[in-house]
Undergrad: 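Supplied in structure tokens, the structure appears directly below.
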Protein chains: 2
Amino acid sequence: MHNTITTFLSQHLQLSKEEAQAFLELDLVKAFPKGTVLLEEGVLSKSCFVVLKGCVRSYYLVEGEEKNTAFYTENQIVTPISYQNQQPSEYYISCLEDCILCVGSTTKTEQLLNRLPHLEAIGYQLNGQKAIENQRQYEAYKILSPEQRYQKMLTENPELCNRIPQYHLASYLGITPETLSRIRKRIVSQ
Amino acid sequence: MHNTITTFLSQHLQLSKEEAQAFLELDLVKAFPKGTVLLEEGVLSKSCFVVLKGCVRSYYLVEGEEKNTAFYTENQIVTPISYQNQQPSEYYISCLEDCILCVGSTTKTEQLLNRLPHLEAIGYQLNGQKAIENQRQYEAYKILSPEQRYQKMLTENPELCNRIPQYHLASYLGITPETLSRIRKRIVSQ
DNA sequence: TTCATTTCTTGATTCAAATCAATGGAAAGC
DNA sequence: GCTTTCCATTGATTTGAATCAAGAAATGAA
């Protein structure tokens, strides 16, 4: 387990051994079975997460329909808007698979920042990257047709396309499962 | 002019007089006539902007069609992705109206950060806010119907709806001008 | 293995927005 | 002023995705 965490950390943060140790000592890692709801609509988020193993999704509930907005897999950071702005969440987050997550809270983050002040600059960078990524995704969604969005997904995230049930993928792509099925048929027969 | 800048600054940054002075001394403010292209596809962006007066839009050129992705008006910050990651831009930015802009460059930003190191933390915050804003916009676009998107625009940004030609607004909303016209008709007759 | 549940596919129909085409108005240029 | 160009509206038609409705396949549990 410690190994998984340090692997993740080294990929993102270039920490010294002491620094990595600081992370481990905070005891942040927890396991969650498939289906666990990590955050509910209307609730204040107390935690952010890093996926060490498994898959997490976020989704809005609109007129009884779940609308997936993101999937998070190994080494990805899940920071609910509600966690950042301390407003009630507008969406849900739940585990698509059995998960092992690094769970962060404001107090633990504070402790960490106290021990490792230079992490603040890294957070700065991560926020900037996140802003860019969100903008790109938004623009790609607007510009591309459903079929093009699926093609993009296929090339950029082939593993995810196999890992996730199609109806979840369809919801994420903003189409019905039926339409996704037909798109796939079209692509195969070309 | 200086007044406009200091007004903007005070709204965002809570600067001392000395700090505000540092901004002014860098001579960042320029005027651009309507139609000026501030950034072209394929080009490396050398500048970021703050709109002091006027309106700026960003758009992709897809198969000869302009697809608007954002409008920026007074006091809004325009940071091209290309400026941040120093990759060729995938989209255009141009002036919808005659504009007065505060123009930032990497060298000027450096000078500023040298004089006012505490601005770094503010940039940190702004990045975080931007990330949230982008995410919300993306999710709203996915969840809402064209009509709902227009309604949202109307309530959140009524001035902009009057300020911008409808066909630009339609492009931004991801619909044709004809459809927007029909949506407007529907709403009025209710 | 069998049964049940969940997920995916296929077909027929409906519906909303795009497209095509024309007209009416407003702003810009002379 | 008038003309021209650009923009908004309206109508008729087409199109692509949603919906409705069955089945088929895969997955999981007993």
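Chain identifiers are assigned alphabetically (A, B, ...) following the order of the sequence lines, protein sequences preceding nucleic acid strands; residue numbering begins at 1 within each chain.
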Undergrad: Could you run down the sub-3.5 Å N/O contacts of the protein with nucleotides 23-30 of chain D?
TA:
none

Undergrad: Is there a side-chain contact between Lys46(A) and Ser105(A), using heavy atoms and a 4.5 Å cut-off?
TA: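 Counting from C-beta outward, Lys46(A) and Ser105(A) never come under 4.5 Å.
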Undergrad: On a heavy-atom basis, which atom in Met153(A) and which in Cys161(A) lie closest, and how many Å separate them?
TA: CG-SG, 3.5 Å
Undergrad: Given atom CD of Glu66(B) and atom C1' of dC6(D), what is their separation to the nearest angstrom?
TA: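 One finds 14 Å between C1' of dC6(D) and CD of Glu66(B), rounded.
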Undergrad: Check whether any side-chain heavy atom of Ile164(A) sits under 4.5 Å from a side-chain heavy atom of Asn68(A), and report yes or no.
TA: no
Undergrad: Do Glu156(B) and Arg136(B) meet the salt-bridge criterion of a basic N to acidic O distance under 4.0 Å?
TA: no
Undergrad: Set out, in order, the CA-CA distance, both residues' side-chain angles and the distance that settles side-chain contact (heavy atoms from CB on, under 4.5 Å) for Gln135(B) and Ile132(B), then state yes or no.
TA: CA-CA 5 Å; Gln135(B) 188 182 329; Ile132(B) 290 179; 5.8 Å; no
Undergrad: Can you tell me how far P of dC7(D) sits from CG of Leu169(B), to the nearest Å?
TA: 14 Å
Undergrad: With rounding to the nearest 0.5 angstrom, report the CZ to OH distance, Arg57(A) to Tyr91(A).
TA: 13.5 Å
Undergrad: Which residue, Arg184(A) or Pro146(B), contacts DNA chain C at a nucleotide closer to its 5' end, judged by nearest heavy atom?
TA: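 The residue mapped nearer the 5' terminus is Arg184(A).
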Undergrad: Between P on dA17(C) and CZ on Arg149(B), what's the gap in Å once rounded to a whole number?
TA: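 Atom CZ in Arg149(B) sits about 9 Å away from atom P in dA17(C).
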Undergrad: Nearest whole angstrom, please: distance from the C1' of dG16(D) to the CG of Leu144(A).
TA: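 Nearest whole value for this atom pair: 16 Å.
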Undergrad: Look at the side-chain heavy atoms of Ile, Leu, Val, Met, Phe, Trp and Tyr, link any pair under 4.5 Å apart, and say whether Val50(A) and Ile122(A) land in one connected group.
TA: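 In one cluster with Val50(A): Ile122(A), yes.
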Undergrad: Would Lys152(B) and Leu154(B) count as a side-chain contact (heavy atoms from CB on, under 4.5 Å) if you check the C-alpha gap in whole Å, the side-chain angles of each, and the deciding distance to 0.1 Å?
TA: CA-CA 5 Å; Lys152(B) 184 167 180 284; Leu154(B) 264 185; over 6 Å; no
Undergrad: Could you work out how much the helix from dT1(C)-dA30(D) to dC30(C)-dG1(D) bends, comparing the axis of its first five pairs with that of its last five, to 10°?
TA: 50°
Undergrad: Whole-Å distance between dA17(C) P and Lys185(B) NZ?
TA: 15 Å
Undergrad: Salt bridge (charged side-chain N to carboxylate O under 4.0 Å, His left out) between Glu139(B) and Lys142(B): does it pass, once the steps are laid out?
TA: CA-CA 5 Å; Glu139(B) 290 166 359; Lys142(B) 266 179 76 162; over 6 Å; no
Undergrad: Evaluate side-chain contact (heavy atoms from CB on, under 4.5 Å) for Tyr83(A) paired with Thr109(A), printing each intermediate quantity in order.
TA: CA-CA 12 Å; Tyr83(A) 180 79; Thr109(A) 305; 3.4 Å; yes
Undergrad: Go through residues 173-183 of chain A and report each residue with a non-hydrogen atom lying under 4.0 Å from DNA chain D, sorted by number.
TA: Gly174(A), Ile175(A), Thr176(A), Glu178(A), Thr179(A), Arg182(A)
Undergrad: Taking CZ from Arg186(A) and C1' from dT9(C), how many angstroms apart are they, rounded to a whole number?
TA: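 Roughly 14 Å, once rounded to whole Å.
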Undergrad: Would you kindly give the CD-to-C1' distance between Glu65(B) and dA18(C), to the nearest whole Å?
TA: 11 Å
Undergrad: Let me know the distance between OH of Tyr167(B) and P of dT19(C), rounded to the nearest Å.
TA: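 For the pair Tyr167(B) OH and dT19(C) P, the rounded distance is 18 Å.
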Undergrad: So His168(B) and Phe71(B), would you call those rings parallel, tilted or perpendicular, with 30° and 60° as cut-offs?
TA: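 Aromatic pair His168(B)/Phe71(B) classed perpendicular.
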